[in-house]
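Data block below; observations after.
Since this is a predicted model, take the numbers as computed values, not measurements.
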Amino acid sequence: MPSHPTPPSPDKFAWSAIAREGLPKRPAEERIADYDEIYGNFDEETVRAQARRCIQCPHPLCMQGCPLGNRIPEWLRLTEQGLFLEAAAVSRSTSNMPEICSRVCPQERLCEGACILNVRTQPVAIGAVERFINDYAFAHHAVALMPAPPNGHRAAVVGSGPGGIACADELMQQGCAVDVYEAQPIPGGLLVNGIPAFKLDKGIVARRIDLLAKAGVRFHPNIRVGSDVTLTELRRSHDAVFLGLGAQRPKGLDIPGAELAGVVAALPFLIQKNLEESLMDLPPVNVAGKRVAVLGGGDTAMDCLRTALRSGAREAVCIYRRDLANMPGSKKEYANAVEEGARFEFLTNPVGLIGGPDGAVTGVRCVRMELGAPDASGRRKPRAVPGSEFNVDADILLVAYGFDAVPFSPGSDLAEIATDDWGVIQVDGNQMTSVPGIFAGGDSSRGPSLVVHAVRDGRKAAEGIMRYLHGREVLNQLSATI
Ligand SMILES: Cc1cc2nc3c(=O)[nH]c(=O)nc-3n(C[C@H](O)[C@H](O)[C@H](O)COP(=O)(O)OP(=O)(O)OC[C@H]3O[C@@H](n4cnc5c(N)ncnc54)[C@H](O)[C@@H]3O)c2cc1C
Ligand code: SF4
């Protein structure tokens, strides 16, 4: 034993000498003129310096904070050494879309929120480094998917959101022949139809889908399972099925005036403004020069505010019943929305809508709220302040109160799958539903959540499917020998 402890390596304290840096961001007045991504990338020198801030914890809390258990310290060390392609390869080993997760994950609530450096200073810029190394790998044509030799099994994946993509990718890499069925004309789920292009460029999603298609995954767009093809037919032609159907039915607005013209659900509005080709049957919503009010405090509400401003709205105001600290939306996206000109009415609840003689909305009748004792979820329950009513003027009202699962139509054979009272598909520890051989994951089996959670479910379901298929093989062999 040395009589003195070994002096710490100077790198152990790099975090105290190197300040955390954020990604370069375009000025607000420039970015609200288009739908392009607002962040750029670090340069090589900066990304290496930022990776050097990691102290390489023996029990990394960041990995525990990441739903995928990403091997973060390993790829931070490789990045620090300038081994960017090697770092990206390690990041791909646990994630089917690190170039996407690095852009859309709320890192402050996941890996960065768990980083030990929070005790003393700001966390390592994990998301920004993940983005750099993966963009670098794509720019150097160093990303390819390798299918395993065919294992004789055929799997169907229903829904091409992040859950479906992750499951299809994993099964393909195990040697399964994979068919992906998607009701919409463009694959990607909410990655293309919900999350705005200024957060996630659509070309990045298309590139990921293209990689899968080149590796042999067969995409079948414009096919709705349950009507265009039945589940029974899929089960006949495939050995296992994964359902990644999402949860895209908007929660309704239940106040007087909800039927007025100009009251629009968030998702169709976002799709219409983000995609050249409109996927939903909604007459064009013109917000140019108008006052837009958004109801809700989640990520969808932030996306609506920022999309409205890019579409020329005269003002965009968010009406949310709790305060900023209790708002579910990402604080980073809140800050971006404020920079871009959005206004927030916190502790405010709509109690009715005001309409003009033409039957169109002209304003929102609101009441101020105060926060009472915490409810079952631990969040403080808002209650109305008597006599505090006031009006917020609005020509367009966007309702962003969240989503539920789309119920299976009673005639559809999908309805044999057990769900809870909210239509959330029930799954076991292998992500298998009540029907053997049918698996589910993502928003359809957990309720509206995050991209990274859908990816985790898709990966877990693929493992469950492989176990199920092997189990069936063993049973078949046994019955053949009896
Ligand atoms: C506006 C908005 C912004 C968001 N922003 C973020 C964010 O910044 N970060 C984040 O982590 N998460 C965000 N989310 C949440 C995230 O997008 C979802 O949690 C995630 O996409 C869920 O993935 P999924 O694969 O379960 O389903 P989805 O992405 O919803 O995909 C489901 C797919 O299944 C298809 N489908 C459904 N039924 C059928 C059928 N019967 N037959 C064939 N196809 C079918 C649908 O058309 C859809 O393409 C956001 C959500 C919204 C709405
Ligand atoms: S918790 Fe932070 S400092 Fe520790 S290994 Fe993870 S990124 Fe590095």
*asked:* Using modelled atom types and a 3.5 Å cut-off, is there a donor and acceptor pairing between side-chain atoms of Gln426 and backbone atoms of Val424?
replied: yes

*N/O donor-acceptor pair under 3.5 Å between Glu233 side chain and Thr230 backbone*: yes

*Determine, stepwise, if the pair Arg472 / Asp239 fulfils salt bridge (Lys or Arg N to Asp or Glu O under 4.0 Å).*
CA-CA 10 Å; Arg472 259 191 10 174; Asp239 302 307; 3.3 Å; yes

_Among residues at least two apart in sequence or on other chains, which ones pass ring-ring contact (aromatic ring centres under 6.0 Å, His included) with Tyr136?_
Phe84, Phe132, His140

_Partner set under side-chain contact (heavy atoms from CB on, under 4.5 Å) for Thr433, not counting sequence neighbours_ = Ile417, Ile425, Val427, Val435, Ile438, Ala440

*Where the side chain of Asp404 meets the backbone of Arg249, is there a donor-acceptor pair that is under 3.5 Å apart?*
no

*Is a side-chain N or O of Asp413 found less than 3.5 angstrom from the main chain of Thr232, in a donor-acceptor match?*
yes

*asked:* Just verifying a value: how many Å separate Thr79 OG1 and Glu44 CD, rounded to the nearest 0.5 Å?
replied: 11.0 Å

*CD1 on Ile133 to CD on Glu86, rounded to 0.5 Å*: 10.5 Å

_Intermediate values then yes/no, side chain to side chain donor-acceptor pair (under 3.5 Å), Asn336 and Tyr39_ = CA-CA 11 Å; Asn336 285 331; Tyr39 292 108; 3.1 Å; yes

*Between Glu80 and Arg48, is there a salt bridge with N-O shorter than 4.0 Å?*
no

*Test: Arg208 and Asp201 ion pair at under 4.0 Å*: no

*Compare every heavy atom of Leu145 with every heavy atom of Pro147, then report the nearest pair and how far apart it is.*
CD-O, 3.5 Å

*So, Glu99 and Arg207, do they make that salt bridge, N to O below 4.0 Å?*
no

_Closest non-hydrogen atom pair between Val406 and Gln248, with its separation_ = CG2-N, 4.1 Å

*Roughly how far, to the nearest 0.5 Å, is CG of Leu234 from OH of Tyr181?*
5.5 Å

*Does the Arg322 side chain pair with the main chain of Met327, one donor and one acceptor, at a distance under 3.5 Å?*
no

*asked:* With a 4.5 Å cut-off on side-chain heavy atoms, are Cys62 and Glu112 touching?
replied: no

*Run the numbers on Ser237 and Arg154 for side chain to side chain donor-acceptor pair (under 3.5 Å), then give the verdict.*
CA-CA 8 Å; Ser237 49; Arg154 185 155 218 107; over 6 Å; no

*Is Asp457 paired with Arg446 through a side-chain N to carboxylate O contact shorter than 4.0 Å?*
yes

*Could you tell me whether a side-chain N or O of Asn430 sits under 3.5 Å from a main-chain N or O of Met432, the two making a donor and an acceptor?*
no

*Between Arg20, Gln107, Glu108, which is the residue that forms a side chain to side chain contact (heavy atoms under 4.5 Å, CB included) with Pro123?*
Arg20

*asked:* Any non-hydrogen side-chain atom of Trp75 less than 4.5 Å from a side-chain atom of Ile126?
replied: yes

_Is there a side chain to side chain donor-acceptor pair (under 3.5 Å) between Asn134 and Ser91? Walk through the geometry before answering._
CA-CA 8 Å; Asn134 284 288; Ser91 91; 3.1 Å; yes

*Flag for Asn476-Ser479: side-chain donor and acceptor within less than 3.5 Å*: no

*Under 4.0 Å between a Lys/Arg side-chain N and an Asp/Glu carboxylate O for Glu37 and Arg26?*
no

*Taking Ser160 for its side chain and Gly188 for its backbone only, find out whether a donor-acceptor pair lies under 3.5 Å.*
yes

*Looking only at non-hydrogen atoms, find the nearest pair between Asn193 and Leu267 and report the distance.*
O-CD1, 3.8 Å

*Side-chain touch Leu397/Val264, heavy atoms, less than 4.5 angstrom*: no

*So, for Thr307 and Tyr35, which heavy atoms are closest and what is the spacing to 0.1 Å?*
O-OH, 3.7 Å

_Distance-only side-chain donor-acceptor flag, Arg459 / Asn96, under 3.5 Å_ = yes

*Got a sec, which residues hit side-chain contact (heavy atoms from CB on, under 4.5 Å) with Ser102, two or more places apart in sequence or on another chain?*
Glu130, Arg131

*So how far is it from Lys273 NZ to Ser311 OG, rounded to the nearest 0.5 Å?*
5.0 Å

_With rounding to the nearest 0.5 angstrom, report the CG to CZ distance, Asn274 to Phe198._
6.5 Å

*Residue Lys214 excluded, over 12 heavy atoms near NZ under 6.0 Å*: no

*Of all heavy-atom pairs between Tyr401 and Gly296, which one has the smallest distance, and what is that distance?*
CE2-N, 3.8 Å

_Taking Leu200's backbone N and O only, do any of them form a donor-acceptor pair with Arg103's side chain (distance below 3.5 Å, no angle check)?_
no

_Over 12 foreign heavy atoms within 6.0 Å of CG, Asp428_ = yes

*Quick one: closest heavy-atom pair of Leu253 and Ala258, and the distance?*
O-CB, 3.4 Å

*For Lys251, does the NZ atom have more than 12 heavy-atom neighbours from other residues, nucleotides or ligands under 6.0 Å away?*
yes

_Is there a side-chain contact between Leu324 and Lys331 in this structure, where contact means two heavy atoms from C-beta onward sitting under 4.5 Å apart?_
yes

*asked:* Could you check whether any side-chain N or O of Gln174 sits under 3.5 Å from a backbone N or O of Cys176, counting only pairs where one atom can act as donor and the other as acceptor?
replied: no

*With a 6.0 Å cut-off on ring centres, are Tyr334 and Phe344 close enough?*
yes

*Which residue, Arg306, Lys199, Arg109, forms the salt bridge (Lys or Arg N to Asp or Glu O under 4.0 Å) with Glu333?*
Arg306

*asked:* Keeping Arg380 on the side-chain end and Leu371 on the backbone end, is there a donor-acceptor pair under 3.5 Å?
replied: yes

_Under a plain distance cut-off of 3.5 Å, with no hydrogens placed, do Ser449 and Asp443 share a side-chain donor-acceptor pair?_
no

*To the nearest 0.5 angstrom, please state how far the CZ atom of Arg456 sits from the OG atom of Ser95.*
13.0 Å

